[in-house]
Amino acid sequence: MKTKLLLLLLLWAGIAQGQLFNIAFTKDSLIVNKNNKNEVIIPIEINTQLGKEDLWKDYTLGFKIEKSSLPASDYEIDLSAKEFSKIRDKETLYVKIKMDSLVDRERRLILSLITKENDKDVGEQNISDRKKFILIVKSHMPENISENYKVLSYIGTNFDMAEGKTKAQNLFFATNVFVPPINGKNRFGFYLSLYGNRTMSRTDSTSYSNRTIKVQPITDSIYFRQRGSGALLTTTTSDNIGAFFSPLIKINKRVDHNFNLYYAPSLEFIWRRINLQRVFGTPTVTDTVQSSGYVPNTIILDQNTRSEFNEFDFNLGLIGVFMVYETKEVSVREQSSVGYLARFYSDPSKKINFNALGSEAYPPMAKKDKIFYLGRAWITEAVTGITLQAEVSNQLKNSRPFFGVTLSKAFKLDKLGTVFKSLIDQ
């Protein structure tokens, strides 16, 4: 404090006597990045304290490049001297860094103040402690490709795996939010997905035998029962609405800016509407049996059966990996999780007590605890936004896989009207 006060007193005393002045760079240094598309103009500010203008009639302020590792062809700067009488309290020196598409090492440009009276150097009269300035020039920042894919919505259709084709009525929709961690800014990122899709659990072909396929009444109490054998096709599909959340912690050190790998534990809720369908093939008659007693009203028995029920899955992925590879042409994302599954489902073995529940009568729910594993992949082409998505999930014991493939169009959520435009133009 005493030193600063002494310097200030000397300055004012020196200015009064016409001997001392204070001209200084506002900062010691500045870090800038080149640009691969445009020139960069860098302002360098200088503060001045001169006092009365008539004391500095023959004085000038100029600049000198003391040392530079930045090639002269990469920048432009005006080093011409300026009379003290024309200097303002704040002056600005401009450096123009030319456009550069090449990746380069860090460069430095060191500038110093030059003060003269006529041709005589009077730098010792400048009591400033900032007579030098270092401009640190780094290579251009890689374009943040992930911004193009940060928040995307999808509308499309599911592939019907049973018939090997797509059906427009099997709607697929999703909104994905990907916020990666950024070095020096935020340690954690996150991934959020809200979706509705159709997955298939399984398609099994088996055979049946001695199944009653026809009843022919003879009298009020006697009838012929025709039995047969054939093929049975069982198909299980699931219409799902789900919400998936995962924090992201970067694993790999950045080698390729386009590729990143994250540790990604996850939490997911899925409401599944299970559809179980059994289709009996054309039977072959094996025998005809005469029976007596109650005659069924149905002459030809129903060949097909269909049932629907709800399930609710809570997935806690303790071990998870999220992989991202994104360029101007394509986005590829893959997530894998292993963890705990809690499944809630209707228990048909329990009866509903309508008297106790009144009008709000719901089937009693049961719970199963499992270990699950999951894999999902998204591939989005940037120009058209066409996206292919595939997933498979299963449980470790009593295998019950769900797998699905979808085809959709990606678009940015805030530009719903531009669904059929290129992602990179939105």
Side-chain angles (χ1 to χ4, degrees), residues 145-146 148-180 190-203 236-246 248 258-262 264 266-273 313 315 317 320-327 329-338 372-394 401-413 416 419-424 426:
I145 299 296
S146 65
N148 291 328
Y149 308 101
K150 191 172 183 179
V151 181
L152 291 179
S153 291
Y154 308 81
I155 293 180
T157 183
N158 299 273
F159 283 97
D160 191 326
M161 305 300 292
E163 299 183 14
K165 60 183 180 180
T166 62
K167 288 185 178 181
Q169 66 264 32
N170 294 339
L171 176 67
F172 165 76
F173 66 88
T175 295
N176 294 343
V177 180
F178 170 52
V179 179
F190 71 89
Y191 177 75
L192 173 67
S193 180
L194 307 175
Y195 63 88
N197 66 353
R198 168 169 288 191
T199 55
M200 173 172 288
S201 178
R202 63 179 61 201
T203 299
T236 306
T237 58
S238 175
D239 291 312
N240 314 302
I241 294 179
F244 179 94
F245 175 80
S246 176
L248 302 177
N258 300 320
F259 173 80
N260 286 288
L261 189 65
Y262 305 94
S266 61
L267 181 64
E268 183 174 24
F269 168 75
I270 310 172
W271 171 27
R272 300 187 188 274
R273 184 65 176 173
D313 287 357
N315 296 335
V321 175
F322 190 78
M323 185 274 290
V324 178
Y325 177 77
E326 291 176 338
T327 67
E329 292 78 27
V330 67
S331 168
V332 180
R333 297 174 181 173
E334 191 278 332
Q335 64 188 67
S336 303
S337 296
V338 177
F372 82 96
Y373 54 92
L374 163 72
R376 287 195 183 102
W378 301 73
I379 302 175
T380 300
E381 198 276 328
V383 176
T384 62
I386 298 300
T387 300
L388 185 65
Q389 185 260 356
E391 70 171 88
V392 59
S393 62
N394 202 352
F402 292 93
F403 54 92
V405 179
T406 65
L407 185 67
S408 61
K409 160 69 180 178
F411 60 93
K412 294 182 179 178
L413 189 60
L416 184 60
V419 173
F420 297 102
K421 286 187 178 181
S422 165
L423 286 179
I424 57 178
Q426 294 181 30

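All heavy atoms count here, side chains included; hydrogens, waters and symmetry mates do not.
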Rounded to the nearest 0.5 Å, what separates atom CD in Glu326 from atom CZ in Phe259? 12.0 Å
Residues at least two apart in sequence or cross-chain that pass side chain to side chain donor-acceptor pair (under 3.5 Å) with Tyr195, listed by chain then number, are Glu268, Arg376
With side-chain contact (heavy atoms from CB on, under 4.5 Å) as the test, would you mind laying out the steps for Ile270 and Phe244 before giving the verdict? CA-CA 9 Å; Ile270 310 172; Phe244 179 94; over 6 Å; no
Can a donor-acceptor pair be found, under 3.5 Å and without considering hydrogens, that links the side chain of Tyr149 to the backbone of Thr327? yes
Decide yes or no for Asp313 and Phe372: does some side-chain heavy atom of the first lie under 4.5 Å from some side-chain heavy atom of the second? no
Shortest non-hydrogen separation from Pro401 to Asn394 and the atoms involved: N-OD1, 3.3 Å
First locate atom CG of Asn176, then atom CD of Gln389, and finally report the distance between them rounded to the nearest 0.5 Å. 8.5 Å
With no hydrogens and no angle check, is any side-chain donor or acceptor of Asn260 less than 3.5 Å from a backbone partner on Met323? no
Can you name the nearest heavy-atom pair linking Ser246 to Ala264, along with the distance? OG-CB, 3.1 Å
Reference residue Arg272; test side chain to side chain contact (heavy atoms under 4.5 Å, CB included); the match among Asp239, Thr199, Thr237: Thr199
Approximate separation, where rounding is to 0.5 Å, of Leu374 CG and Phe402 CZ: 12.0 Å
Here the gap from Leu152 atom CG to Lys412 atom NZ, rounded to the nearest 0.5 Å, amounts to 7.5 Å
Can you list the steps and then say if Glu334 with Ser336 is a side-chain hydrogen bond (donor to acceptor under 3.5 Å, both in side chains)? CA-CA 7 Å; Glu334 191 278 332; Ser336 303; 2.4 Å; yes
Can you tell me how far OG of Ser238 sits from CZ of Phe403, rounded to the nearest 0.5 angstrom? 12.0 Å
Asn315-Ser266 side chain donor-acceptor pair, cut-off 3.5 Å: no
Quick one: closest heavy-atom pair of Gly317 and Ser337, and the distance? CA-CB, 4.5 Å
Distance col, row Leu171:CG vs Thr406:OG1, nearest 0.5 angstrom, shows 10.5 Å
Side chain proximity check, Tyr154 to Trp378, heavy atoms < 4.5 angstrom: yes
Shortest non-hydrogen contact between Gly385 and Thr380, atoms and distance: O-CG2, 4.1 Å
How are the rings of Phe322 and Tyr262 set to each other: parallel, tilted or perpendicular (split at 30° and 60°)? tilted
Going by side chain to side chain contact (heavy atoms under 4.5 Å, CB included), Phe178 matches just one of Val151, Leu192, Leu248. Which one? Leu248
